[in-house]
Amino acid sequence: GPKQQTLAGFFSRP
Amino acid sequence: LEARLEQAAMLKRVVDAIKDLVQDCNFDCNDSGIALQAMDNSHVALVSMMLKSESFSPFRCDRNIALGINLTSLTKVLRAAQGDDILTLKAEDAPDVVNLTFESPESDRLSEYDIKLMDIDQEHLGIPDTEYAATITLPSSEFSRITRDLSALSESVAIECTKEGVKFTCTGDIGNGSVSLRQHTNVENDAKSVDISLTEPVALTFSLKYLVNFCKAAGLSDRVRLCLSNEVPLLVEYGLSNNSYLRFYLAPKIGD
């Protein structure tokens, strides 16, 4: 099935 | 900090809605209000709460402070407040504790609690301003029902939004299911309307476990807004009065 992504790839660290 | 809420129910519901997703959180207080941003342990979901200063009366915050609070502890104390109690949060500069008082509006009962604060090293993520391809506003009870019904069949839901409407589809061991909604205006009760605004079709897959969790916020607002763009996290927003809000972001499932 499709793989669960994490938010780190989308939202930037400061 | 001194922040007085007319109805303790608001904070009780917010904390109830997020306590299973995030445990230790900084409540960032400044003169614009009280904000919280926290990710769940697996970094799949993020909670973003903003309680604007206008939601309190009065609201005073002379210096920016971060109140590190364990939500299980906060829940224990908030359980001592009646929904219609007046709730006041107080903290000194560089505080060790946050003070909560609950006043009954119709009696002389006043209760007062201190919760010990924690040092929380929280990673703040920058959330880009996104022009979402699809925005769906629907009754929060309808969204709760869809996520609950589909979660009985599957771990994941595909959300497809086209100009025809929005379709929630799941596939599981026992079979499959789907719920389709079209844009429609309920003339008698606007809260029951389904509004869809679309610039391009979207199709994304999400974990139902998280969506079911987000729906614990349904008591905060009649309406919920889902914002989607292909291959970016879903935004689920429950609007509160005075432009305050509780938002949840959920990373998609991608590929096969």
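In what follows, every chain begins at residue 1, and chains take the letters A, B, ... in the order their sequences are listed. Just the heavy atoms: all of them, side chains too, but no hydrogens, waters or symmetry mates, feed the values below.
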Report summary line: Tightest non-hydrogen contact, residues B/Val44 and A/Gln4, listed as CG1-NE2, 3.2 Å
Query raised in the report: Looking at A/Phe11 versus B/Tyr249, is the centre-to-centre ring distance below 6.0 Å?
Result: yes
**Report entry** Part of B/Ser42 within contact of chain A (heavy atom distance under 4.5 Å)
**Finding:** backbone
Requested in this report: May I ask you to check whether over 12 heavy atoms, not counting those of B/Arg225, lie within 6.0 Å of atom CZ?
Outcome: no
Query raised in the report: For B/Glu155, is it the side chain, the backbone, both or neither that has a heavy atom under 4.5 Å from a heavy atom of chain A?
Result: neither
Report task. Hey, could you give me the NZ/NZ distance between A/Lys3 and B/Lys253, rounded to the nearest 0.5 Å? Result -> 11.0 Å
Query raised in the report: In terms of heavy-atom contacts, does CG of B/Asp93 have more than 12 from other residues, nucleotides or ligands at under 6.0 Å?
Result: yes
Query raised in the report: Among B/Pro252, B/Ser156, B/Ser207, which residue forms the greatest number of heavy-atom pairs with chain A at distances under 4.5 Å?
Result: B/Pro252
Query raised in the report: Does atom NZ of B/Lys216 have more than 12 heavy-atom neighbours from other groups under 6.0 Å away?
Result: yes
Query raised in the report: How about B/Ile254 and A/Pro2: do any of their side-chain heavy atoms sit closer than 4.5 Å?
Result: no
Query - Side chain proximity check, A/Leu7 to B/Pro233, heavy atoms < 4.5 angstrom - result: yes
Query raised in the report: In this structure, are over 12 heavy atoms from other groups packed under 6.0 Å from B/Glu92 atom CD?
Result: no
